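Single-structure report; data block below.
As the structure lists them, so they are numbered: ligands from 1, and atoms in each ligand from 1. One-based numbering along the sequence shown. Only a predicted model underlies this, so the values are computations on that prediction, with no experimental measurement involved.
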Amino acid sequence: MKKGSLVVISGFSGVGKGTIMRQLIQDDTYQLSVSATTRNPREGEVNGKDYYFTSVSDFQKLIENDELIEWAEYVGNYYGTPKKYVFDQMEQGKDVLLEIEQVGALEVKKKFPETVMIYIIPPSAKALKERLMKRGSETKEEICKRLIQAKKEADFVRAYDYVVVNDDLEQAVQDVKDLIRMSHFRSSLFTEDMMEFKEEIQNL
Ligand code: 5GP
C-alpha cells in the first residue's frame with residue numbers, strides 16, 4: 001500500500017476552510033488531523049473532534065515531549081499538530097489534512113518538503129469580512145484582530161504550492177481534491193516500484 005499524502009490547508013480566518021474540510025472528509029480517503037489548542041471551545045465544538053482543548057501547561061508538555069509536528073501562536077493562543085496520529089494515518093494510506101496557520105504550515109513544509117501546500121482565498125476582502133461577521137462566533141474586537149492578521153498573511157500566500165478561490169463551495173472542494181490526487185503521481189512514491197521494474201528488465 002502506498003503512503004498517503006500530507007496536505008496542509010491554510011486560509012484567512014472566515015474563508016470557509018472548515019466547510020471545505022467537512023466536505024472532504026465525507027470521503028474516507030481523507031483524514032483530518034485534530035490539533036491541540038489553548039483557546040476556549042466555541043459553541044458546539046467538541047473536545048477530541050474539533051480540537052483537543054488543553055491548558056497552556058499541558059501544551060508546553062506536548063512541546064517538551066516532542067509530540068507535535070509543529071506549533072504556533074495565533075492571536076493569543078497556541079495551536080499544534082500531534083505527531084503520532086498523522087503518521088499512523090499516512091502509513092495506512094490516508095491523505096492527512098492539516099488545517100493550520102502559516103507559521104506552522106511553513107514549518108511542516110521545511111520538515112517534510114513533499115507536503116502539498118494549499119491556500120484558500122476568498123473571492124474578495126469584502127466577502128471575507130461579511131463571512132466573519134455572519135459566523136457570529138467572535139466579538140467585534142476578535143474579528144478586527146483576525147482581519148489584521150489576514151492582511152499580514154496575504155504576503156505569504158506565495159509560499160504555498162497552490163491557491164484555491166472559495167467562491168463556489170463545490171468547485172473549491174473539487175479543486176482541492178484534484179490537487180491532492182495529483183500528489184499521488186509524484187515520482188518519489190514509485191521508488192520501490194522502479195527498483196522492481198529495473199530487476200524485471202534485467203530478467204527479461
Ligand atoms: P480557530 O481559532 O479559528 O479555530 O483557528 C485559528 C487558526 O489556527 C486557523 O488559521 C487555523 O487554521 C489555525 N490552526 C488550527 N490548528 C492548528 C495547528 O495545529 N497548528 C497551527 N500552526 N495552526 C493551527
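Residues with a heavy atom under 4.0 Å from ligand 1: Lys17, Ser35, Arg39, Arg42, Tyr51, Glu70, Ala72, Tyr74, Tyr79, Gly80, Thr81, Glu99, Ile100, Glu101, Gly104, Arg146.
Hydrophobic clustering, defined by side-chain heavy atoms of Ile, Leu, Val, Met, Phe, Trp and Tyr closer than 4.5 Å, groups Tyr74 together with Tyr51, Phe53, Val75, Tyr79. Through direct or relayed side-chain contacts under 4.5 Å between Ile, Leu, Val, Met, Phe, Trp and Tyr, Met133 connects to no other residue.
Under the salt bridge (Lys or Arg N to Asp or Glu O under 4.0 Å) criterion, the residue pairs touching residues 161-180 are Lys109-Asp161, with sequence neighbours excluded.
Checked for salt-bridge contact, Lys83 and Asp88 miss the test: no charged N lies under 4.0 Å from a carboxylate O.
The aromatic rings of Phe59 and Tyr78 lie parallel to each other, with less than 30° between the two planes, well short of the 60° mark.
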Stepwise, does the side-chain hydrogen bond (donor to acceptor under 3.5 Å, both in side chains) test hold for Tyr160 with Ser10? CA-CA 9 Å; Tyr160 284 70; Ser10 303; 2.6 Å; yes
